[in-house]
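Below is one structure, written out as structure tokens, with a few remarks after it.
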Amino acid sequence: MILSVAVLVSHLAGAPPLSSYQPEPAELLRARQLMLSRPNECVALTNHFLQRQEADPAQMISSRQDFDHLEQARRYRTREQTFAAWQLQALCQANEGLLLPADVSINQAIALARRHSQHDILAASLLIKAKLALAGQRPEQAAALLEQAADGLPADTRLQGDLQLLQAFTQLHLHRFDQARQGFEQIRLQALQQGDGPRQAWANFLLGEYYQLLQQDELALSHFVETLNLLGQRRQYYLKAMAAEKAAAIYAALGQGDRAVHYANQATTEFELLGNSPLLIGSLINLGRVTRAGNDANLALVYFFNALDLVKIQGDSALMARLYLEIGQSYLQLGNFGEARHYLDLARGGFEHGGDLARQTDALLQLGRLHLELGEPGLALLQLERALGLAQQRDDMPRLIESHRLLARLFETSGNPIQALSHQKAFHAYFERASKLNRLLTQSLVQDNELQLQQERELTELARHGEQLQQDRQRFALLATSLSLLTPLLIYGLLRNLLRSRRLQRQNEELQRTLLLESRTGLPNWRQLMLRLPQEMAKRQQRSEQWYLNEEQARPFNDKIYYLLLHVPFMTDLSERVGLGQAAAIQQRLGDYLRGRIHPKARLYDLREGQFIYVISQRQVAELQQTLAGLERMFTEFPCEFELDRRLAIGIIGHPFLPKAPHALDDLRLGDILYLAMAAAHQLSERTGEPAWVELLAVDCQQAAFFNGDIRHCCIQAILKGLVKVNSSHNKQHIDWHALAPAPAVPD
């Protein structure tokens, strides 16, 4: 039962929030997968992970380290990963039934969160500690922990819903039934409005437990069945299994054996899908009992022996003795007295060895019944008197009642009416005592229920009064509307404003589109480039990080995006040479012509002053020189009646410029490098009188710090030192890099 409660509480508000660090360590991912199915392996994995040294975050991202970052990721753990590991370990220990070690583990997470002022992680850890307190039957402590968590929890976080569910569950444990019911109803309504099926199912299930505590079995049953309907085909195996098991128990108590067997079978199926062996064993035992109560002891034996096979793997002697008792009872019901005696003797020995007096009494009572059926009154008397003595030691009324009942039957059949009458009187006395205690408990629950009903009646009266006020308000509104003469004017004004608003909205959308295009060529302009550039760069940076962190990837990074800055000479002075009218017509034709000639997956931006940026992914470029030749041919073949200077100067860089440190350079600094490349190409074009291109390509190194400072100066130094490779259409030795360096300011 401790295991079942622990799993219930650990699963009540979901798994712990893990670190946002990507990729997740393999140990934590595997531990999270095994949290319910094999919690002992989960604990071992988290223990192994916590043996790592905690790394300084600066070390994990520093580009100055000589050893591999992936080796660091395997040997060290970050602070966020440490929090997640302690949280996971606590829940896995709880699922294994180790509540005290689980409390120690979550205390570690809480202490670390407080030390480093991690408020979100502290709130999540306090929620887990509250779950453990509920599993240990300490609802007062759980309520205090939830109050602490609520103080530091933002209103819009996902944990807020978990907090509300745990608070209502805690109220139920504190027997504050009205507050618990209101909490569950509110959570269920919110989950319905938000389309959160699992949370709605949890609230519905706990409402069923609420009605079960009030001994309103039919209402409880309806909520458990509704929970199963809400979950449908969702992979909420544990909740579906618990709801089905509850429904099976209620149907069995109502004497509807077929329905009980149906839901017990469903519970076993869901526990099997969950993969948790202890829970599956308990479900098989329950299914066997329900099946045996339906007079199908043969099928019940199949379930008990399946459970016994699982228990033998675990080596749990106490659970094995319980199964021997169930198997013995089933054989006794079938009349197979030899097998029944064998298993009941095994059960009695197991309980005696384990010190389980209650179940040892049950085994002795079943052995007494066996000897009564065999007509062996002496042996039956011996077993029943031992059972009576154990029951009297513990003042166990149910077992005292059964012991006296069987002893009365024994003495009656053996011809000793005085002893039979004595045990019959004792049977009735204990039965009356148990009935009186049950009536007192029921009366207490009924009184609480009557208080709840009184409150509900008051709420109903308030609702009726509210409806009356609503009707009065509606009549007043109708009268006011009928007397109003301004309604047509108001409607006209509203329609006119609506039409005007739509017209202005269309004009605004058209203006937005116009602002993103260059008016002369109709091509995308620098504004559109700047809108797209940050997202494009971030995407390539992420892919570069994944490539760098992938230890199996030995090939170079091949997912860059090329930026080609073109200088088209005839566009700089076109208006001066041919006039404004002819220049406008040529520029418009050029824009239409270029849109039809560029690669389908490339983009061309007009930056004015004769400068264009051509953007294309490396995956779309088989050979860069072919792409450059195509660009030169595209401008050369542009039809025009005037003589045009078509000597292109093209600067080329790929992003990320430093694949192993993609965040080192922002868009402005990359733009400076691109303009430097174009300036070098322009220098070659002027020297040779031909089109020219220059590509700047950083060598495969991690010297991101080398580019700190004036980027143009740093890049020229990197070129001269060989840290940046230069590819060009002409002899790159002809480029005077010193002439391209920024001139220092002259002091006044």
Side-chain angles (χ1 to χ4, degrees), residues 1-5 97 99-100 136-138 281-282 285-286 289 292 304 311 316-333 337 340-374 376-414 416-442 444:
M1 183 60 186
I2 291 178
L3 174 62
S4 177
V5 172
L99 296 182
L100 289 178
Q137 301 300 317
R138 301 187 304 276
I281 291 167
I285 293 173
N286 182 60
R289 287 173 176 168
R292 186 176 63 205
F304 290 139
V311 173
D316 190 337
S317 57
L319 194 53
M320 200 176 299
R322 285 179 56 193
L323 280 164
Y324 288 148
L325 176 61
E326 299 293 343
I327 293 170
Q329 284 185 255
S330 301
Y331 277 124
L332 181 57
Q333 184 172 327
F337 299 122
R341 177 182 295 178
H342 170 69
Y343 284 102
L344 289 173
D345 281 333
L346 288 175
R348 182 191 59 187
F351 294 138
E352 187 174 2
H353 179 73
D356 191 344
L357 298 181
R359 290 195 174 92
Q360 184 182 350
T361 307
D362 291 335
L364 291 169
L365 289 172
Q366 294 301 319
L367 283 169
R369 283 185 56 209
L370 171 66
H371 291 302
L372 278 174
E373 295 291 338
L374 290 173
E376 300 172 349
L379 291 174
L381 178 62
L382 180 63
Q383 303 292 349
L384 293 175
E385 285 183 343
R386 289 180 61 191
L388 179 62
L390 291 175
Q392 287 173 338
Q393 288 180 24
R394 301 175 61 252
D395 195 24
D396 191 338
M397 277 190 288
R399 291 176 175 85
L400 283 169
I401 292 170
E402 183 66 11
S403 300
H404 284 296
R405 186 186 71 82
L406 291 175
L407 283 168
R409 176 185 166 191
L410 169 65
F411 285 116
E412 185 178 358
T413 56
S414 60
N416 192 338
I418 297 176
Q419 290 289 341
L421 180 60
S422 173
H423 285 289
Q424 190 69 22
K425 288 180 179 180
F427 164 78
H428 282 290
Y430 281 113
F431 186 84
E432 182 66 21
R433 179 182 166 191
S435 300
K436 182 178 179 180
L437 180 59
N438 187 55
R439 282 196 302 273
L440 289 173
L441 292 173
T442 304
S444 174

Check ion pair R399-E402 (N to O, under 4.0 angstrom): no
Contacts of L346 that satisfy side-chain contact (heavy atoms from CB on, under 4.5 Å) - sequence neighbours left out: Y324, H342, Y343
Q383 and R369: CA distance, side-chain angles, deciding distance, side chain to side chain contact (heavy atoms under 4.5 Å, CB included) verdict: CA-CA 9 Å; Q383 303 292 349; R369 283 185 56 209; over 6 Å; no
N286: partners by side chain to side chain donor-acceptor pair (under 3.5 Å), with sequence neighbours left out: none
Reported CD-to-CD distance for the pair Q333 and Q366, which is rounded to 0.5 angstrom: 10.0 Å
Step-by-step side chain to side chain contact (heavy atoms under 4.5 Å, CB included) determination, L367 to L379: CA-CA 9 Å; L367 283 169; L379 291 174; over 6 Å; no
Closest heavy-atom pair and its distance - A363, L325: CA-CD1, 3.8 Å
Shortest non-hydrogen contact between G328 and A340, atoms and distance: O-CB, 3.6 Å
Separation of E352 CD from L364 CG (nearest 0.5 Å): 8.5 Å
Qualifying residues under side chain to side chain donor-acceptor pair (under 3.5 Å), relative to T361, sequence neighbours excluded: none
For R289, all residues meeting side chain to side chain donor-acceptor pair (under 3.5 Å), sequence neighbours excluded: E326
R409 CZ: over 12 foreign heavy atoms closer than 6.0 Å: no
Separation between CG of L407 and CG of L384, rounded to the nearest 0.5 Å: 4.5 Å
Electrostatic pair D362:R359 at N-O distance under 4.0 angstrom: no
Distance-minimising heavy-atom pair for L323 and F304: CD2-O, 3.7 Å
With L382 via side-chain contact (heavy atoms from CB on, under 4.5 Å) - residues at least two apart: none
Between CG on residue L406 and CG on residue L381, distance to nearest 0.5 Å: 12.0 Å
Which residues share a side chain to side chain donor-acceptor pair (under 3.5 Å) with R322, sequence neighbours left out: none
